[in-house]
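Quick note on labels: first sequence line is chain A, next is B, and so on, each numbered from 1. What's counted below: heavy atoms across the whole structure, side chains too, no hydrogens, waters or symmetry copies.
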There are 2 protein chains.
Amino acid sequence: MNSSFAPTERRLAVTCERHPAFPREPAVLVRLIKHIYKVVHDDANAVLKPFGLNHPEYNLLMMMYGTPSGEMTPSDLADAAGEKSANITRLTNQLCEKGLIHRKGSNDDRRKVVLTLTPGGEALIESFLPEICGLLGRQTGKLGADDQRQLERLLKKMLDGLTD
Amino acid sequence: MNSSFAPTERRLAVTCERHPAFPREPAVLVRLIKHIYKVVHDDANAVLKPFGLNHPEYNLLMMMYGTPSGEMTPSDLADAAGEKSANITRLTNQLCEKGLIHRKGSNDDRRKVVLTLTPGGEALIESFLPEICGLLGRQTGKLGADDQRQLERLLKKMLDGLTD
DNA sequence: CCGATGTAGTTTATTTATGTAATTTCCATT
DNA sequence: AATGGAAATTACATAAATAAACTACATCGG
């Protein structure tokens, strides 16, 4: 599974020759991001599997864990996790069945649903966080503190241009 | 759909408070990459839809376009595009049905299958490349030439640590 | 050389996940 | 009260991951 990036880069070079308008550098960046995303995603899934979670479920739990009020609506979650609302219904169903979150109707707007972490949910989070911290550390291990700050800055700059 | 990154970052800050071992900077980087990937992916799909393609199909076509010999086996493609081999069968079936690639058995190893772009496939690529070039330009528009080189360097460094 | 065993390349079948579109319920505004 | 729009869900369609099956090459001990 050790798919190196070098062959991809050679193919981009060939593409540039065949189609001179093709912007090599932007293409490399986009491909690198796809590439890294896939690896990061698969790694995370591997760590989470023993806890009975997949990556999107983990994302939802962490979004709730990071919300001071402890309450989120499905729309909030969809926005925060970048999932379609239909997915949120499915995913929160799964999390409810596992007893990790709790669902109740909102009082002030009966269209809304309010989701909260259960004690069991918080406990599960605390139990997998050490491993997640380790994973995050490994995933960025090659980068020094300076590199990380630089990378954050550049990624944010790129994102800035995307959300226009 | 303009999902800003600021709320995510606030949630990470809260997470750090609740769980001090949580490494803020690596988490920000990983989330940024996920975030950017999703946007880039969706944008590409939108551009490709009028051409009757989805993102993975586009990837396969471009991998073949960038291969000097013009020939690739399904395994080559799986490796190059980061797709599972079962997906390659499905995707290349679709591309064959659309008449964009051609499939034939290999002569020197009858286990292998050889895939080539058809003239129609090459023509389709040439027809969407201008729009793709535009998209790539927009996606990296905020980044200067220097930024792009830096970002490439840092992403490669990060990837380096991942494939261990 | 020959057959047994292992392994590579591809496909098929099954399950799981995701996207899309339409439905339902409710709030806000007039 | 009538219309329009927001929030969540449902039902349906599509895509993707997993695991098993199948065919062909490789190689090793007899």
Inset, instruction - Would you please confirm or rule out a distance under 4.0 Å between OP1 or OP2 of dT9(D) and any side-chain N or O of Arg103(A)? - result: yes
Inset, instruction - Assess the pair Phe128(B) and Tyr58(B): is the distance between their ring centroids shorter than 6.0 Å? - result: yes
Inset, instruction - For Glu83(B) and dA17(D), give me the distance from atom CD to atom P, rounded to whole Å. - result: 6 Å
[X] has a side chain; which of [options] sits nearest to it?
X         : options                   : result
Arg111(A) : dC26(C), dT10(C), dT12(C) : dC26(C)
Arg90(A)  : dA8(C), dT11(C), dA11(D)  : dA11(D)
Ala86(B)  : dA15(D), dT18(D), dA7(D)  : dT18(D)
Ser75(B)  : dT9(D), dG9(C), dG5(D)    : dG9(C)
Lys84(B)  : dA17(D), dT20(C), dC27(C) : dA17(D)

Inset, instruction - With Arg11(B) as the cation and Tyr65(A) as the aromatic partner, state whether NZ or CZ is under 6.0 Å from the six-membered ring centre and within 45° of the axis. - result: no
Inset, instruction - Between Asn87(B) and Asn107(B), name the one whose nearest nucleotide on DNA chain D is closer to the 5' end. - result: Asn87(B)
Inset, instruction - Establish, from distance only, whether the side-chain atoms of Arg90(A) and Asn87(A) form a donor-acceptor pair under 3.5 Å. - result: yes
Inset, instruction - By nearest nucleotide on DNA chain C, pick out whichever of His41(B) and Ser85(B) is the more 5' one. - result: Ser85(B)
